[in-house]
Number of protein chains: 2
Amino acid sequence: MSVTLKDVALAARVSISTASRALGGSGLTSERTQQRLTRIARELGYRPNPIARGLKTGQSRLVGLLVHNLANASFQVMAEVVQARLKALGYQMLLCIAGDDPQLESDTLTTLADHRVDGLIVVPTGKNGARLTALANEIPIVCLVRRDDGTDLETVLADDSEGAFVGTRYLTGLGHRRIGLIVGRPDTTSGRERLSGYVRALREASIPVDDTLIHAGHFEPETGAASCRKLLDLTEPPSAIFVANHEATLGVLRVTAERGLSIPDDLSLLCYEHSPWFEWHRPAISIVDNGARDLANLAVDRLLHRMDAKGNGADSVREYRVGARLVIRDSCRPFDPAARGSSATKLSRSKA
Amino acid sequence: MSVTLKDVALAARVSISTASRALGGSGLTSERTQQRLTRIARELGYRPNPIARGLKTGQSRLVGLLVHNLANASFQVMAEVVQARLKALGYQMLLCIAGDDPQLESDTLTTLADHRVDGLIVVPTGKNGARLTALANEIPIVCLVRRDDGTDLETVLADDSEGAFVGTRYLTGLGHRRIGLIVGRPDTTSGRERLSGYVRALREASIPVDDTLIHAGHFEPETGAASCRKLLDLTEPPSAIFVANHEATLGVLRVTAERGLSIPDDLSLLCYEHSPWFEWHRPAISIVDNGARDLANLAVDRLLHRMDAKGNGADSVREYRVGARLVIRDSCRPFDPAARGSSATKLSRSKA
DNA sequence: CTGTTAGCGCTTTCAC
DNA sequence: GTGAAAGCGCTAACAG
């Protein structure tokens, strides 16, 4: 099979431990043997066996990343960023997809723990706080994107409240007063906070909050489609829709297409989270960018920090926020009372 | 730390080896001890340590998946499928992203080998045939999507020639005679084969192949944008464009948007590979579906087969093909001599 | 600075 | 059917 440390030691006529020390760069060997061993190892094509090392050191050089899916553009970039950053440091990423399912999440955490990952970045469902807390005693964990209220692990979040606030304010600034909101489930950090940002912006603009304009639901295209239909079918439909639920965007686009609505002329549309498609979509869709890349980078930073500080205990557990950014493109326009989506033309829906 | 086999054995007052046998389900223990040990193990919360087991057995319960990126929808579903299938069998997926870079691919292969993955599914760059062949002596490998001509590993491919043929024939059937092709680099399996399918369909329709209509380039949005511009700027621009390079699609959509082209009225557009966005895009984009999900499933099947048959040598190495499927939506229409993109109106381009 | 020794947790001969 | 013992490849005391 492959060449082991023993082979190297044998070839160099030193003991296995000397070989280990020399190659481990511990600096506990003479300059000469170190160089000699390095050379011999290279000649023999020696590559340390991480499994054997892991058994001894209790480390695996593996880091887990647990996300809900890969369809979401944010999770894609997170996976790419995490894998790239870690690889540069000699770690491999164990990517797990748990579909926002608490049971699957729990099982996956177990598997990850079994594999003795050296660290773990997880986008929690929010239903496994106890599991996570327990696991955190064994391995460094940082939560990403969502907080699990059942635990107080270090967490890297987007500034969703601010993001939704900025996005909604942009819309009110454009003169819209009836703004539909399609947002994530209120039992998720992002769902709650985006809703609160929306409400705050409305209050600031002295616009009463109309519950019929707010649809909170699962992170799925269907949610977007159903919600969008209901919004458009209102006797006083909104003139703008803020889709603060990334997965739901597809559904919204489908419905607006089905109904032949022209964006932004008939309806202004603002979405959440960056995706290349939004940029090339016609019209280019304005978004609130949650900063997925920065979130991922920060999560990796924090994780590495914890992995280094391993055991230093009492390291203050923090919550970090990555600011959101409004990216204005072409899917929103100033409120026009004559436009179809405005309440002034509520009866014109029959055209569809 | 965590409870080991030793703890279980101790608690059950049996030897470690008996415990191992009982829990390993080797059937070499009495029914009674087996049940007793199982119960005790559960009570103690025993979970076998894959690292220790791996050191002994030479297996890691890890399977590597090496893809170019996660932006490509096909790679997304492949990653999801591979991870889901493997998890069900007790394996974990090591996802690696090598960006279609041969050097990165080579490095990654080394890392994967170091981690003693039990199997490997790789979308090859095509430049590391020797590396792959060598590696294949140690671990089962199956190539996916692309063939590496430098090796003869088992390979699961899409039927790209047929796919491009069917797609192009659909377009010629619609009456189009000047059909632009934006396709992948000719040094990739898919690039070559899609080009050949296109040519074959043209020949069958007795349409001469015009090289100025063919753009082969890197798998990037920029390629699509640049190629699309050149095609539209031709004195005799195409009336339809077949984008047989998934990554390039974004660029094409951008350019058609920039120029205010209406699809399919000004230009028919046919794309390659399934993506949820194509379905919701307005107009819904017709595609040739390469069957990413089926490709991934087949690759997993073949890999598992090889992992089982481990060492049975002389297992015939095959190339598998997954058929392509034309999915007609709304982005193509019959050729209309009056339409802007047709050669009959070449001078009307000035409208833009 | 280097060699010897003892495991990490598990599987697997080999005896009984 | 079960126990004792060896060892996977490596690291880390412990002596010299």
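If you're wondering where the values come from, they're calculated on a predicted model, not measured in any experiment.
- Taking the side chain of A:N49 as heavy atoms from C-beta on, and the options C:dT11, D:dC10, C:dC10, the nearest nucleotide is D:dC10.
- Salt-bridge check for A:R318 with A:E154: failed, with every basic side-chain N at 4.0 Å or more from each acidic carboxylate O.
- Between the CG atom of A:D114 and the P atom of C:dG9 there is a distance of 14 Å, given to the nearest Å.
- Out of D:dA4, C:dG3, D:dC10, the shortest distance to the side chain of A:A52 is found at D:dC10.
- Backbone-only contact: A:S30 has heavy atoms under 4.0 Å from sugar-phosphate atoms and none from a base.
- Both A:K56 and B:K56 lie close to DNA chain C; mapped to their nearest nucleotides by heavy-atom distance, the more 5′-ward contact belongs to A:K56.
- Atom CG in A:L37 sits about 9 Å away from atom P in C:dG3, given to the nearest Å.
- Where B:L55 and B:R21 each meet DNA chain C at their nearest nucleotide, the meeting point lying more 5' is that of B:L55.
- Between the CD atom of A:Q59 and the P atom of D:dC10 there is a distance of 16 Å, rounded to whole Å.
- Rounded to a whole Å, the CG atom of B:L5 is 7 Å from the P atom of C:dT11.
- Between C:dT12 and B:S20, no contact under 4.0 Å exists linking OP1 or OP2 to a side-chain N or O.
- Between the CZ atom of A:R116 and the P atom of D:dC10 there is a distance of 20 Å, rounded to whole Å.
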Kindly list each side-chain donor-acceptor pair under 3.5 angstrom involving residues 4-12 of chain B, sequence neighbours excluded, with atom names and distances?
{"from": "B:T4", "atom 1": "OG1", "to": "B:K6", "atom 2": "N", "distance (Å)": "3.1"}
{"from": "B:D7", "atom 1": "OD2", "to": "B:T4", "atom 2": "N", "distance (Å)": "2.8"}

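- In this entry the distance linking CZ of A:R36 with C1' of C:dC1 reads 13 Å, nearest Å.
- Counting any heavy atom pair closer than 4.0 Å across all strands shown, B:I16 reaches a base atom.
- Within the 4.5 Å cutoff, no side-chain heavy atoms of A:Q34 are placed close to those of A:R21.
- Side chain of B:S15, nearest nucleotide from D:dT11, C:dG3, D:dG3: D:dG3.
- Both B:V14 and A:T18 lie near DNA chain D, and the one whose nearest nucleotide falls closer to the 5' end is B:V14.
- Between B:E31 atom CD and D:dT2 atom C1' the separation is 16 Å, expressed in whole Å.
- In this structure, A:L10 places its CG atom 14 Å from C1' of D:dG9, rounding to the nearest Å.
- Considering B:D187, B:D100, B:D148, B:D149 as possible partners of B:K127, the one that fulfils the salt bridge (charged side-chain N to carboxylate O under 4.0 Å, His left out) test is B:D187.
- The side chain of B:R53 contributes no N or O atom lying less than 4.0 Å from OP1 or OP2 of C:dG9.
- Checked against a 6.0 Å centroid threshold, the rings of B:F219 and B:H68 do not count as neighbours.
- Base engagement by A:S17 is indicated by at least one non-hydrogen atom pair under 4.0 Å involving a base atom.
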